[in-house]
S.K.: 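This is the structure, below, for whatever I ask next.
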Amino acid sequence: MTTATSPRSEAHQVAKENRKAIQMRNLRTGILFTAPALIVLAIFVFYPAVQTFITSLTNGRINSNARRPAKFIGFQNYITLFQSRDFWTDVRNTLVYAVLYAPIVVIVALAFALLLNRKDLKFVGFFRTCMFLPFVISLTVAAIAWQFILSPSLGLVPYWISLLGGPEHIDLLGTRETSMATIVFITVWKIFGYFMVIFLAGLQGISAELYEAASLDGASAWQKFRYITLPALRPTFNYVVIFGLIGSFQVFDQVFILTSGGPARSTETIVYRIYTEAFGNGKLGYASALSYVLLIMTLIVGLVQLYTNNKHEKEEIA
């Protein structure tokens, strides 16, 4: 004896099947559109990352003639790495650079964004272009130009310092006390225009009615900045800080061109050490281990920053 199916249950079954068909069609469409990007990521990101980790577990080397056969040695490269005094010097230099660079570039970029967001400022487009122009210039070209500007014998900066009563022919890049600060200054000059544009976009997204209401309530300029501008710019701050920190851990070009890690390893960073170990000393396995340690450090910093931001957002909502 067969049981009759009600029209309502049949309609429900048909609707369920239609939803599944639509979901599968959307899934196929999504895979089709993302496939090129996934293929590119697999070839140029995922495969090199896996291969680098495998290489870090070997004693792979490159000599002047050909690549030597690699032998699996486990985590010996990592053990040697953490026992090396030079590695901890590189870590310290990288952290010093990050601590100096990240806050300064954020403050400078925000200050210029606030200044160039004023509607009563004349030639604002010209000034914005001038501030953003260093970011467009190649970092290599900018570093070479600064090398001439800071030259102890021919540079303008040492000449101006001597006119102000400072020492003559001062070598800002060749002195341990000033080399890292000079590299930070050059990088901030090069990068801050990019972050300034991002802050400008965030500032222009804040409703003018909020400032008008605050003015009617008698709020000062500092109170407007503290209670309106800063909270509204929190997502922008998060982006700038995270990418500023990540960028500070990857500093290489300016160190390579300006100081080559000197004087006396005072500006040698982890990325520069990876380069010298891989292409200078031919130690591919050791350099790969260094790169993975740098990756873990960057991930830790990024995750801590994201956790802190999410915690502040939940506290504000509560």
Side-chain angles (χ1 to χ4, degrees), residues 45 90-117 128 130-143 146 178-206 225-226 229-259 266-275 290-291 293-313:
V45 178
D90 299 336
V91 171
R92 183 194 63 198
N93 293 337
T94 303
L95 292 177
V96 168
Y97 176 87
V99 169
L100 290 175
Y101 165 77
I104 293 175
V105 74
V106 171
I107 294 172
V108 172
L110 179 59
F112 277 98
L114 291 170
L115 177 63
L116 297 180
N117 193 48
R128 289 177 181 177
C130 291
M131 295 300 104
F132 186 75
L133 191 60
F135 178 74
V136 180
I137 302 172
S138 169
L139 183 57
T140 302
V141 175
W146 275 103
T178 59
S179 55
M180 182 62 77
T182 304
I183 291 177
V184 170
F185 170 80
I186 294 172
T187 311
V188 170
W189 170 85
K190 173 72 174 64
I191 301 296
F192 87 93
Y194 169 72
F195 292 135
M196 181 199 71
V197 172
I198 296 175
F199 276 126
L200 273 173
L203 288 170
Q204 293 175 2
I206 303 174
F225 175 75
R226 179 179 179 183
T229 305
L230 283 182
L233 286 179
R234 181 174 294 278
T236 307
F237 258 107
N238 296 341
Y239 173 85
V240 171
V241 171
I242 290 175
F243 278 85
L245 286 172
I246 292 175
S248 65
F249 277 88
Q250 298 173 350
V251 58
F252 170 75
D253 295 35
Q254 49 272 55
V255 173
F256 176 76
I257 296 171
L258 294 172
T259 64
S266 60
T267 60
E268 184 179 82
T269 59
I270 297 178
V271 178
Y272 183 80
R273 181 74 182 282
I274 293 172
Y275 170 81
L290 267 169
S291 65
V293 171
L294 176 63
L295 173 63
I296 293 172
M297 290 174 58
T298 306
L299 286 175
I300 291 174
V301 171
L303 291 175
V304 169
Q305 183 65 28
L306 288 174
Y307 171 78
T308 305
N309 295 335
N310 293 333
K311 185 178 179 180
H312 286 313
E313 290 178 359

S.K.: S248 side chain to Y101 main-chain N or O, any donor-acceptor pair under 3.5 Å?
M.R.: no
S.K.: How many angstroms lie between OG1 in T140 and CG in D253, if you round to the nearest 0.5 Å?
M.R.: 5.0 Å
S.K.: Side chains of V108 and F112, heavy atoms from C-beta outward: is any pair under 4.5 Å?
M.R.: yes
S.K.: Are the side chains of L233 and L203 in contact, using a 4.5 Å heavy-atom criterion?
M.R.: yes
S.K.: Could you tell me whether the side chain of N93 and the main chain of E268 form a donor-acceptor pair under 3.5 Å?
M.R.: yes
S.K.: Grab the two heavy atoms, one from M180 and one from S266, that are nearest each other, plus how far apart they are.
M.R.: CE-O, 3.5 Å
S.K.: Just so I know, are the side chains of F249 and T94 near enough to count as touching, which here means a heavy-atom distance under 4.5 Å?
M.R.: yes
S.K.: Please find the pair of heavy atoms, one from N117 and one from Q204, that lie closest to each other, and give the distance.
M.R.: OD1-CG, 3.5 Å
S.K.: Listing request: all side chain to side chain donor-acceptor pair (under 3.5 Å) pairs with a residue in residues 103-112, at least two apart in sequence or in separate chains.
M.R.: none
S.K.: Write down the atom of P103, the atom of V99, and the distance for their closest heavy-atom approach.
M.R.: CD-O, 2.9 Å
S.K.: With rounding to the nearest 0.5 Å, note down the distance linking OG1 in T182 to CG in L258.
M.R.: 9.0 Å
S.K.: State whether a side-chain donor-acceptor pair under 3.5 Å links T259 with T267.
M.R.: yes
S.K.: Are any of the side-chain heavy atoms of I274 and F252 separated by less than 4.5 Å?
M.R.: no
S.K.: D90 and side chain to side chain contact (heavy atoms under 4.5 Å, CB included): which single residue from L294, L290, I270 fits?
M.R.: I270
S.K.: I'd like a table of donor-acceptor pairs (distance under 3.5 Å, sequence neighbours excluded) in which one partner is a side-chain atom from residues 186-201, with atom names and distances.
M.R.:
| residue | atom | partner | partner atom | Å |
| --- | --- | --- | --- | --- |
| T187 | OG1 | Y97 | OH | 3.1 |
| T187 | OG1 | I183 | O | 2.8 |
| T187 | OG1 | Q254 | NE2 | 2.8 |
| K190 | NZ | P134 | O | 3.4 |
| K190 | NZ | F135 | O | 2.9 |
| K190 | NZ | I137 | O | 2.9 |
| Y194 | OH | Y239 | OH | 2.8 |

